[in-house]
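Some notes on the structure that comes next.
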Amino acid sequence: MTHPSAEQVWEWLDQVPDPEIPVISVVDLGIVRNVQWEDDKLVITVTPTYSGCPATSIINLDIETALRGHGIEKIELKRQLSPAWTTDWLSTKGASKLEKFGIAPPQPAGGPSRCPRCGSPKVEKVSQFGSTPCKAHWRCLECLEPFDYFKCI
Amino acid sequence: MTRDEALFQFLLRMGDNTLVLGHRISEWCGHAPVLEEDIALANTALDLIGQTQLWLGLAGEVEGKDRDADRLAFHRDVWDFHNVLLVEMPNGDFGQTLMRQFLFDAWHSIMLGRLQKSADHRVAEIAEKTGKEVAYHLERSADTVVGLGDGTPESHQRMQAALDYLWPYIGEMFASDDIDAEMASAGIAPDPASLREEYDALVTKVLSDATLAIPQSTFSHKGGKAGTHHSEHLGHLLTQMQWLQRAYPDATW
């Protein structure tokens, strides 16, 4: 029996939205680390973003539901802790989608380069933490709007 | 005591520290002085509870008696908890909560750095994952301690009082016993005493930036790690935290 290729599965997974930030997919987020067939079983390796992120179990459920929808019956989801997730794994496509959505993408400098709404570089930090574990709270000094910044870790 | 028995105890210590502190700071949810601080404390609590699942999950696996992280968290009583006394101390005011957080974060970040080189790859992996989160916690708690210590006369006085109150609980984090000796000889965890120099350097730097005076006393309370002498505060915390699982064992939702 032939089964869908790993490339095909990666494409399907790229259609599974992050439950908290639905404009990006779980593949954009960089948490799907491996897709592999072991005989007739599909093994997907997923790494958590933050240890306590409540979205992790929903993401696993969404991945499984999506793959079943494509007719795959035997699925195993493996958790991998190391190497630990880093925002370097966020795709370029994901970063630009985040910004369009109003969330400043992570920057190696440790803070957003510009306001995701008006583009002004004049921004300041309100708090190291924000609405989800992966975000911090910033505001623009030009348009005065508050915004989320995707923390760089 | 076999190596796995010692490892089980060591993992309980790591997981109970994060569990009890995570619960403590979650008590602030809805009560912090401003919304941003409320969110920050709740997020830190969430990280710590997530880390607890990893440590206690592995503890249950090592023990091999079919106890998962939930079982260990909710079905043990005070005398079976192995957290250091520092993390069970009451929240006090916001300053005391952040001082406790800083004094623990400083130890926690150094400890996790060492554990990344653990001979047990499962321990090293958890340390790698959680170390990133704790580096972030430390950055924030250190900044806040400096901001409040070097703030107004009122905030300075409260931070000094918090430091004086919590200082006698520092020593327990560096005390060694048979379990630590077994972990150190197996290369699984460092001798706790070996963390002290780095800790003192870090804490002295931050507290001096905060214009706070480090207490002279070297007296140290102990008994939390060993589980023999917890403070009266832990029992009260557990009655809140474990109420549902005790009243309705095996409840699911």
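A, B, ... follow the sequence lines: proteins, then strands. Residue 1 opens every chain.
A heavy-atom distance below 4.5 Å is found between the side chains of A:F147 and A:P112. Using a 4.5 Å heavy-atom threshold, the side chains of A:V23 and A:K100 count as separate. Between A:S91 and A:V27, every side-chain heavy-atom pair lies at or beyond the 4.5 Å cut-off. Between A:L98 and A:L90 there is a side-chain heavy-atom pair separated by less than 4.5 Å. Counting heavy atoms from C-beta on, the side chains of A:L67 and A:L13 come closer than 4.5 Å. The closest side-chain heavy-atom distance from B:I179 to B:F8 is not below 4.5 Å.
A donor-acceptor distance shorter than 3.5 angstrom exists from the side chain of A:D28 to the backbone of A:S25, with no hydrogens or angles considered.
Looking at B:I126, both its backbone and its side chain come within 4.5 Å of chain A, counting heavy atoms on both sides. With a 4.5 angstrom heavy-atom cutoff, B:L46 touches chain A via backbone and side-chain atoms both.
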Across chain A and chain B, what donor-acceptor pairs are shorter than 3.5 angstrom?
unit_1 : atom_1 : unit_2 : atom_2 : d
A:P48  : O      : B:K129 : NZ     : 2.8
A:T49  : O      : B:K129 : NZ     : 2.6
A:S51  : N      : B:E133 : OE2    : 2.7
A:S51  : OG     : B:E133 : OE1    : 2.9
A:S51  : OG     : B:E133 : OE2    : 2.9
A:S82  : OG     : B:E128 : OE1    : 2.6
A:A84  : N      : B:E128 : OE2    : 2.9
A:W85  : O      : B:K132 : NZ     : 2.8
A:Q128 : O      : B:Y136 : OH     : 2.6
A:G130 : O      : B:N43  : ND2    : 3.0

